[in-house]
Structure formats: structure tokens, C-alpha cells
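Remember, it's a predicted structure, so these values are computed and weren't measured experimentally. Just so you know, residue 1 is the first one in the sequence shown, and it goes up from there. The figures that follow rest on heavy atoms only: side chains count, while hydrogens, waters and symmetry mates do not.
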Amino acid sequence: MTYSQLCILITILVYLAGMLWIGFICGKKSSDTVGDFYLGGRKLGPIVTAMSAEASDMSSWLLMGLPGLAYLYGVTNAGWTAIGLAVGTYVNWLLVARRIRCYSQHLDAITLPDFFSKRYGGNKWLNGLAAIMIVVFFIPYTASGFAACGKLFASLFGVPYHVALIISSVVIVGYCTLGGFLAASLTDLVQSGVMTIAIIIILGFGTYMAGGLDAVIANAQNLPGFLSLTEQYVPGSGAEPYSALAIFSALAWGVGYFGMPHILLRFMAVSDAAKLKISRRIASVWVVISLAVAVAIGVIGNAMSAAGVIPQLSGANSETLVINISSLLSRYGILAAIIAGVIISGILAATMSTADSQLLVASSSVSQDLMQGSFGIKIPEKKSVWVARITVVLIAMLGVAIAFDPNSSIFEIVSFAWAGFGATFGPVVLFSLFWKRANHQGILAGMLSGAVVIFFWKYVVRPLGGVWDIYELLPAFVLASVAIVVVSLLTPAPSKQVQQEFEEYMTLTKNV
């Protein structure tokens, strides 16, 4: 191990120790209730709510996937995807955050399946189905985060992949089981700061090493379609038209926000619904800046390769762009190596901030919604917290088992899981919050159809290509919405109690 690698490793270990320390402190502050463990007792302030929501959203895709995409193909695909995500973020905070916070508190719901069930009169089928869908899509999603951490350590330090995988998962599970939701949220706040520092340093250092801003622009202009939003650069063959269908497909990523359980939980956990306006502004500004910088890093990285300061990257290797830039930076002395360690910690932060939230949501689905909500197993309050902690460990072990193959795909799984949640829960959340006539039959139909169409479109329709090559989230979201409306109108209206609770929630929301 070189001197610079040692400095990077020490910096990362200090960072990981800090995350465990936060978990320990949060564990001492939390009471032994499942409400505290899974929702932090609804005590989150507006800044923590905003930054933990966005940190848990972005994952390592922000510092690996998006820059790698821009490095290879220019700003077209990465740019439209970033625009879709930025718009989706703002609209989700604007339309959903305050409403689901008020409605979930009014119904005393502490998980998303619990909210769906109580919204429709305590329907256990809804509770059980929602919990199963969360487990189905979140376990591989969590596994992809563990795998990303393992591959990062393995590529940097030559540590065996499996050793790195287990160490990373132990740290994440450690602070989750110690402090629950509050620990995950506070560590996400720290991690969002580390991610921000990382992308700013990479942006400045990369531009300097590429020969300055003029050199970066000149390199991009020499590549046909690299800076266009209507053409896409294809390495080795020039520019290809980027169709309206492709733009629509990229923008569809933003629709997924309405159904992301780990983000919706942040909305439900804020201490004061009136302060969500502050959270919305902070979150929206951070997302726009971070996505724009991530795309810019890809453009700068291409110029660095053209200048010969980092290797030419191709295929999946393009996702190691930030790691390559960090390695280059670490050669310029101790301080530079420490800064490189902070950048690598930023990649870890992006991954861990998503994995911890996924673990807690999947755990709550098993221990709270399936065991107690659907199967009616009565567990005392204090024992429920220990059941929750044990469930986190068991789900993490399953995630590690899935990720144990070092050749396992990471980002395809993330894309598919994002589509799964967006189509399965997105329409359900929107109709539950905005349409009084929606009933449990319609919601069940929407949830099932969204999940079925995701699989069918991904593996049967989309491979046909041409006009069918649309990101599966978009058709699944539309068809799930249609199913909710049609089935709700063909079946009896909700009970008077359910409709009265909806009216009370609407009044409550207007007064916030």
C-alpha cells in the first residue's frame, strides 16, 4: 500500500467511525418505541428532512453513474435524466410532502404500508401487498449499495471484494440498528455534506488538470453532439439524433419520486409540516446544483482523458471516473491525499445514505407491516424495537448474499427498482392524497398492475426496440393510474368513515 493510499484509507476509516458514533448517540437519545425507531418520533427539523431525503435519494449514482454516462455520451441522456429528476424532486416536495405528513399523523401511521391500510379503513390486504412489494424491490436495491461499497474498496486498495463487502455492510447495519431512523437521517445529513464537498473539489481540480475551462469546452466541441440536447455523441461513430421518445423516456425518471418509500418517510417524519416549505427550497436547490455538477464532471473527465492525465475509460469503467480523478489528486502530497479520501468518502456517503434508508424501510415492512399488521402477531412495544433491529440484520444478510458475486450488476438493478417503486406506489400515493372516491379495490388493482407491467415491459416489450424502447416506469405508471380510476368507479364508494377521514385531512392540510 502506498503512502497516498494509506492517507485515503485513514480518512475513510475516520468517516466510517463517525457514522457509527452518530448511531450510538442517536440510540441513547431514542426511546424504546417503534415510532422512534422507524420514524424518529416525527422530530426531524427542516434542514435534516431536506438533506437526508436527497442524500438517501441519490445513492452512488450521483458520483459514479451520472458522470460516467456524461463522460461517454455527452450531456444529452445524462442532461435530460437530470432535468427529469430535478423537476420530479420539486413537484414531489410541492404536492406530496405536506399532505402525506398531515394525513399520516392524522391516521397515526408510521410506515407507508401502514398509511395505505389505515387510509382505506384498516385493509390488511393493502398492508400486506405493499409490504411485500417493498421487500421485493428493496432487498436487491440494498444489495447493489453493498456491492458498490465492496467494489470501491477492492479497486482502491486491492482488498478482497468479499472482505470489503462485509465490512461496509457491518458499518451500515451498525448505525441503523443502534439508532434507527434518527441515526439514518442524521448520518444522511452529514453524508450530503461530504457528497457536496466531493463534487466541488472534483469540479475544480478536474478543470485545472484538463487545462482550464477553455480546454474543456474545446474538447467537447470537437466531439459531435457532445454538448447537444437533441443529438447524442457515440464514441467512434459521431453523433446520432436523440428522439422525442428518448427524451420522454429520460424525463420519466422524475415520476418515480412519488413512490419512493425512503423519501416519503422523510416527509412523514418532519416535526412541523409548516416548515416543509423551507425543506423544499433547500432540497430543490441542492438537487439542481449537484446534478448539474455531476454532469459537468463527466464532460471535464472526458477532457482530462483527452489531455492524457487520466486513462481513457470505456463501458462500465466510465463509472470509475471520480475514483480515477481522486487517485490522481492523491499524488500531490499528504493534504491532497486526505482530500482524495474525503472524495472517496463522498462516494461511500452516496451509497450508504441510500442503503441505510432501504434497510429500515424493508425492515419495517417485515416486522411492523407483515408480522403485526397482516398476520396479527402481537409483540410488546419494547420487544418490537428488538424485532426491528434483528430484522435489519437479517435483511442485510440477504442483501450481502445477493451481492456476493463480484460481477453482479449494480446500476441496472437500481434503474429497475426505481421503476418498480415509482409505478407500484407512485399512483397509489397520488390518488390516496387527492381523490376521495378512490377505494381499496382500486388501490389494490393499481398496485398490482404497476408491479406486473414493470416486469412485463422490462423483459417482454422493451426488448422489441423501436417505439417500444421506453423506460418501463412511464407505461407502468400510466396503466396503474388507469387501473385505479376504472376499478374504483366500478366498485362501491369508500365507507362514510373513510370519506370523513379524508375530509378531515383536507381541512387539516389547508390550515397548515
Under the rule for side chain to side chain donor-acceptor pair (under 3.5 Å), what residues qualify as partners of [X], not counting sequence neighbours?
| X | value |
| --- | --- |
| S284 | none |
| N92 | none |
| Y505 | none |
| E472 | R462 |

Tell me the salt bridge (Lys or Arg N to Asp or Glu O under 4.0 Å) pairs involving residues 430-449, sequence neighbours left out?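 Residue pairs with at least one partner in residues 430-449: K436-E503.
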Calculate, to the nearest 0.5 Å, the distance between atoms OH and OG1 belonging to Y471 and T81 respectively.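 OG1 of T81 is found 9.5 Å from OH of Y471.
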For the ring pair W418 and Y257, is the centre-to-centre distance below 6.0 Å?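 That pair passes the under 6.0 Å test.
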Are F416 and F455 an aromatic pair, judged by ring center distance below 6.0 Å?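 Close enough - the centres of the two rings lie under 6.0 Å apart.
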Counting only heavy atoms not in Y73 (residues, nucleotides, ligands), do more than 12 fall under 6.0 Å from its OH?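 Incorrect, the count does not exceed 12.
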Other residues, nucleotides and ligands only: do more than 12 of their heavy atoms fall within 6.0 Å of CZ on F434?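 Yes.
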In terms of side-chain heavy atoms, does S495 have a donor or acceptor partner in Y120 at a distance below 3.5 Å?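 No - no donor-acceptor pair under 3.5 Å links their side chains.
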Are Y242 and N77 linked by a side-chain donor-acceptor pair shorter than 3.5 Å?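 Present: a donor and an acceptor within the cut-off.
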Please name all residues satisfying side-chain contact (heavy atoms from CB on, under 4.5 Å) with S314, sequence neighbours left out, ordered by chain then number.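 Expected list: none.
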